[in-house]
Amino acid sequence: MRSLLLALTLALPLQAASGPLPIMAVSASGQRNPGFLVAAEADGLVISNAPQGGNSIKVLYTNIVELNVEEPKGWSTALARLNAGDYADAETTFSNFADDYAALIPWKDGYGSLARLYHFKALKGLGKFAELATAMDRQLAKPLVLGDLSKIDFNDLRGWAILAKADLQALQAFLNEFTDTSASKQTSLQPPFKKDLPARFVASLAYLRGHLHEKQQRPEFALLDYSTAMTYNNGSDHSVFSLACLASLKITAAKATAKPTDEALRKAANSLAITYRDVAAQGKLPAEFAPFATLPEPAAAPAPAKK
């Protein structure tokens, strides 16, 4: 029943309404502060006695022992769609939320900062990396205030924004932040990423490092990282899986074309072409890779020599 309700929710038109949010903040002294949340500052929340504004007070974060803020209308539906991969609707809705609740950004993990973070995530899901870079640069004037878990998502998005700028030096510096370069832990051809990073972030890092290797003319290392990006966390990030699969296909197809008699390369290109078509691209395959979607007929066995 729960899954049915979720499906019905996702099928409904997305509606969002903004405005001051009803709030109840209880201070350490037991003082109850009902009203409407109209702004946030670095040290506390500004609460008005009327949605249109009016008499207001500031309750310090350090003095709040209980906080209840009403969720913006349409928030849960938009978040469900974002998590379900419906990035187009989520992009528009969270962009509107972020604009409407910009005054709440100083509230850590509040609706102002999270709305903009989710807007960024939708841009990434849509592959709009240039727009993501522009939006993140614009946000530098008013940095988001995020908790530790949200900062991980923000760092992930930061990497994709750097990718859009084609700044390989900046991309290398970004990857270095999350790479375990300790010589004693280098158990593979490439240094591992730091422990305890979420799987979704490791998959992104692997793709970004693969892209860096490819730009540096190291296709074998790129293929290793693209393979990790496709399989890490069981390929649960569909957008990363799709990008890594296509990048792997491009490299492998080029190799197979250069060595047309190499059966192993041809089979690898065939496998990637089918995977990209059927899993990543909903049955569509770029025309340049169409020849790899089928394997050539095996050569006929030579006729037995006549005695």
Side-chain angles (χ1 to χ4, degrees), residues 40 42 61 75-76 78-87 90-91 93-95 97-98 101 104-129 131-140 142-165 167 170-182 185 190-212 225-226 228-244:
Y61 299 123
W75 181 275
S76 292
L79 186 56
R81 291 191 175 181
L82 175 66
N83 292 333
D86 186 356
Y87 300 118
E91 178 200 354
T93 306
F94 280 116
S95 177
F97 276 137
Y101 294 111
L104 300 184
I105 283 178
W107 173 27
K108 181 187 291 186
D109 277 345
Y111 293 116
S113 286
L114 288 182
R116 188 58 73 191
L117 179 69
Y118 295 157
H119 172 225
F120 293 161
K121 290 180 72 173
L123 289 172
K124 176 201 168 187
L126 291 169
K128 295 182 177 180
F129 303 130
E131 291 185 29
L132 171 62
T134 300
M136 293 190 80
D137 284 348
R138 188 183 304 121
Q139 196 63 48
L140 291 174
K142 194 171 185 179
L144 305 183
V145 182
L146 302 167
D148 290 341
L149 290 177
S150 297
K151 283 180 181 176
I152 292 172
D153 286 334
F154 184 82
N155 278 328
D156 179 16
L157 295 162
R158 189 161 57 90
W160 293 95
I162 293 171
L163 177 75
K165 296 179 179 180
D167 186 338
L171 182 58
Q172 181 68 76
F174 169 79
L175 291 166
N176 289 345
E177 293 180 40
F178 307 101
T179 300
D180 185 350
T181 57
S182 172
K185 295 181 181 180
Q190 303 205 78
F193 294 111
K194 292 179 179 178
K195 291 183 177 180
D196 302 324
L197 294 176
R200 66 184 185 279
F201 189 24
V202 174
S204 284
L205 290 170
Y207 175 85
L208 294 171
R209 190 168 66 182
H211 174 83
L212 180 64
D225 274 324
Y226 288 148
T228 298
M230 290 175 63
T231 58
Y232 211 86
N233 200 29
N234 297 317
S236 59
D237 189 326
H238 185 74
S239 61
V240 173
F241 175 91
S242 299
L243 288 168

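What you see is a predicted model, and the numbers here were worked out from it, not measured in a lab.
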With rounding to the nearest 0.5 angstrom, report the [atom1] to [atom2] distance, [X] to [Y].
X: Tyr111; Y: Leu104; atom1: OH; atom2: CG; value: 10.0 Å
X: Gln190; Y: Asp225; atom1: CD; atom2: CG; value: 4.0 Å
X: Met136; Y: Leu123; atom1: CE; atom2: CG; value: 10.0 Å
X: Ile152; Y: Asp196; atom1: CD1; atom2: CG; value: 9.5 Å
X: Met230; Y: Leu243; atom1: CE; atom2: CG; value: 11.0 Å
X: Tyr232; Y: Phe201; atom1: OH; atom2: CZ; value: 12.0 Å

Which residues share a ring-ring contact (aromatic ring centres under 6.0 Å, His included) with Phe154, sequence neighbours left out:
none
Determine the minimum heavy-atom distance between [X] and [Y], stating which atoms define it.
X: Ala115; Y: Trp75; result: N-CH2, 3.7 Å
X: Pro106; Y: Ala42; result: CB-N, 4.0 Å
X: Leu132; Y: Leu157; result: CD2-O, 3.7 Å
X: Pro143; Y: Ile105; result: O-CG2, 3.4 Å
X: Phe120; Y: Ala135; result: CE2-CB, 3.6 Å
X: Ala206; Y: Ala229; result: CB-N, 3.8 Å

Strictly distance-based, threshold 3.5 Å: is any side-chain N or O of [X] a donor or acceptor partner for the main-chain N or O of [Y]?
X: Asp86; Y: Leu82; value: no
X: Gln139; Y: Lys142; value: yes
X: Ser113; Y: Asp109; value: no

Using 30° and 60° as the class boundaries, would you call the ring planes of [X] and [Y] parallel, tilted or perpendicular?
X: Phe94; Y: Tyr118; result: perpendicular
X: Tyr226; Y: Tyr207; result: tilted
X: His238; Y: Phe241; result: parallel

Would you say [X] has more than 12 foreign heavy atoms packed within less than 6.0 Å of its [atom1]?
X: Lys108; atom1: NZ; result: no
X: Leu140; atom1: CG; result: yes
X: Asn176; atom1: CG; result: yes

Is the shortest heavy-atom distance from the side chain of [X] to the side chain of [Y] under 4.5 Å?
X: Glu177; Y: Arg158; result: yes
X: Leu117; Y: Leu114; result: yes
X: Phe178; Y: Asn155; result: yes

Looking only at the side chains, is there a donor atom on one of Ser204 and Trp160 sitting less than 3.5 Å from an acceptor on the other?
yes
In short, salt bridge (Lys or Arg N to Asp or Glu O under 4.0 Å) pairs touching residues 112-124 with sequence neighbours left out are Asp99-Arg116, Lys121-Asp153, Lys124-Asp156, Lys124-Asp237
Contacts of Lys165 that satisfy salt bridge (charged side-chain N to carboxylate O under 4.0 Å, His left out) - sequence neighbours left out
Asp137
Steps toward side-chain contact (heavy atoms from CB on, under 4.5 Å) verdict (Thr179, Leu205):
CA-CA 9 Å; Thr179 300; Leu205 290 170; over 6 Å; no
